[in-house]
Amino acid sequence: DLEIAWAAVWSAPCMLAFLGASLRRHRGLALRAVRRQGISLGHACEEFRGDREIVLAAVQTDALALQFASKELKADPSIVLEAVRRDPWALRSANLALRSHRGLVLAALESHARLGGVPVLPCIGTSLREDRELILEAMKNPDESLFEADQELTEDKDFVLMAIRCTPPLHRYVRYVQAGE
């Protein structure tokens with residue numbers, strides 16, 4: 001019964017998982033569920049995981065709902081940007097090409113600086129791990145690790161010193177590293 005389904009999804013969006021097949025294909029119910037609890041996108045039918053409006057509503061409620069989006073929407077820069085602005089960890093669910101998109105990674109780093117959470121660098125694509133400026137920007141956040149940078153950068157003493165200077169809790173050790181201690 002549609003009326004009962006509306007009430008169930010409103011009170012507990014995860015109830016979407018327990019609805020019959022025809023009700024799970026009801027677009028309005030899916031949209032209502034993800035607007036209340038974005039992660040309920042994981043209980044939506046495949047069709048709705050590829051529906052731009054439903055996925056956008058889901059990531060606006062819970063950025064980590066991106067993991068349940070279709071491959072096409074995980075490759076949509078505007079959807080991914082919306083998600084990483086709300087939670088930088090959503091970057092891990094983005095298409096690999098977008099995890100190498102400098103602008104999106106910088107948005108995730110900015111979000112991380114503002115909101116905290118888990119580090120961004122483990123999620124980025126290989127090509128950005130050798131981007132000196134991006135790595136230095138990331139090092140401004142003490143949660144990020146220089147170990148995620150390209151090996152060539154981590155073996156460059158001058159670069160490592162610059163990175164240490166950028167990292168708030170570590171900058172006080174620069175004089176010891178320079179002195180060879």
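Just so it is clear, the values below take in all heavy atoms, side chains as well, and ignore hydrogens, waters and symmetry mates. Each residue takes its place number in the sequence, starting with 1. As the structure is a prediction and not an experimental result, all values here were calculated from the model.
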For the atom pair CG (Leu23) and CG (Leu2), what is the distance rounded to the nearest 0.5 Å? 6.5 Å
When you measure from the side chain of Arg36 to the backbone N and O of Val9, does any donor-acceptor pair fall under 3.5 Å? no
Would you say the side chain of Val34 lies within less than 4.5 Å of the side chain of Phe48, judging by non-hydrogen atoms? no
Beyond-backbone contact of Val120 with Pro88, side-chain heavy atoms, under 4.5 angstrom: yes
Has His112 got a side-chain atom pairing as donor or acceptor with Gly117's backbone, closer than 3.5 angstrom? yes
Would a hydrophobic clustering, with Ile, Leu, Val, Met, Phe, Trp and Tyr connected at side-chain separations under 4.5 Å, put Leu19 with Leu31? no
Whether Thr154 side chain and Phe147 backbone form a donor-acceptor pair below 3.5 Å: no
Taking all heavy atoms of Ala108 and all of Leu91, pick out the closest pair and write down the distance. CB-CD2, 4.2 Å
Do side-chain atoms of Arg49 reach the backbone of Ala44 as a donor and acceptor pair under 3.5 angstrom? yes
Between the side chain of Ser70 and the main-chain N/O of Leu73, is any donor-acceptor distance below 3.5 Å? yes
Mind checking the CD1-CZ spacing from Ile54 to Arg32? Nearest 0.5 Å is all I need. 14.0 Å
Glu144 side chain to Leu121 backbone, donor-acceptor under 3.5 Å: yes
His26 NE2 to Leu16 CG distance, which is reported to the nearest 0.5 Å: 11.5 Å
Calculate, to the nearest 0.5 Å, the distance between atoms CG and SG belonging to Leu29 and Cys45 respectively. 11.0 Å
Would you check if Leu115 and Asp87 make a side-chain contact, meaning some heavy-atom pair closer than 4.5 Å? no
With distance as the sole test, does Arg85 use its side chain to make a donor-acceptor pair with the main-chain N or O of Ala107 at under 3.5 Å? no
If I take atom CD1 from residue Ile124 and atom CG from residue Leu98, how far apart are they, to the nearest 0.5 angstrom? 13.5 Å
Would you call Glu47 and Arg24 a salt bridge, taking side-chain N to carboxylate O under 4.0 Å as the test? no
Should Leu56 and Ile79 be marked as a side chain to side chain contact (heavy atoms under 4.5 Å, CB included) after you check the CA-CA gap, both sets of side-chain angles, and the distance that decides it? CA-CA 6 Å; Leu56 186 59; Ile79 296 281; 4.0 Å; yes
Hey, quick one: are Phe68 and Met15 part of the same hydrophobic cluster, counting side-chain heavy atoms closer than 4.5 Å, chains of contacts allowed? no
On a heavy-atom basis, the closest approach of Asp62 and Gly38 is CB-CA, 4.0 Å
Tell me, do Val160 and Leu146 make a side-chain contact under 4.5 Å, heavy atoms counted? yes
How close do Val55 and Ala69 get, counting heavy atoms only, and between which atoms? CG1-CB, 3.8 Å
Is any side-chain heavy atom of Met162 closer than 4.5 Å to a side-chain heavy atom of Leu136? yes
For Arg92 and Gln67, work out which heavy atoms get closest and say how close. NH2-NE2, 4.3 Å
Test side chain to side chain contact (heavy atoms under 4.5 Å, CB included) on Val80 and His101; report intermediate values, then the result. CA-CA 11 Å; Val80 174; His101 185 286; over 6 Å; no
Here the gap from Glu110 atom CD to Leu106 atom CG, rounded to the nearest 0.5 Å, amounts to 8.5 Å
Side chains of Leu109 and Val105: does their closest heavy-atom pair fall under 4.5 Å? yes
Ser100 (side chain) donor-acceptor with Ser127 (main chain) under 3.5 angstrom: no
Verify, without hydrogens or angle tests, whether Arg129 (side chain) and Pro122 (backbone) share a donor-acceptor contact under 3.5 angstrom. yes
Does the distance from a Lys or Arg side-chain N to an Asp or Glu carboxylate O, for Glu137 and Arg102, drop under 4.0 Å? no
Would a distance-only check, ignoring hydrogens and angles, find a side-chain to backbone donor-acceptor pair under 3.5 Å from Gln37 to Ala12? no
Heavy atoms of Leu153 and Phe159 approach each other most closely as O-CD2, 3.4 Å
Which heavy atom in Ala90 sits nearest to a heavy atom in Ala63, and how many Å separate them? CB-O, 3.7 Å
Is there a side-chain contact between Arg132 and Asp156 (heavy atoms, below 4.5 Å)? yes
Over 12 foreign heavy atoms within 6.0 Å of CD, Glu155: yes
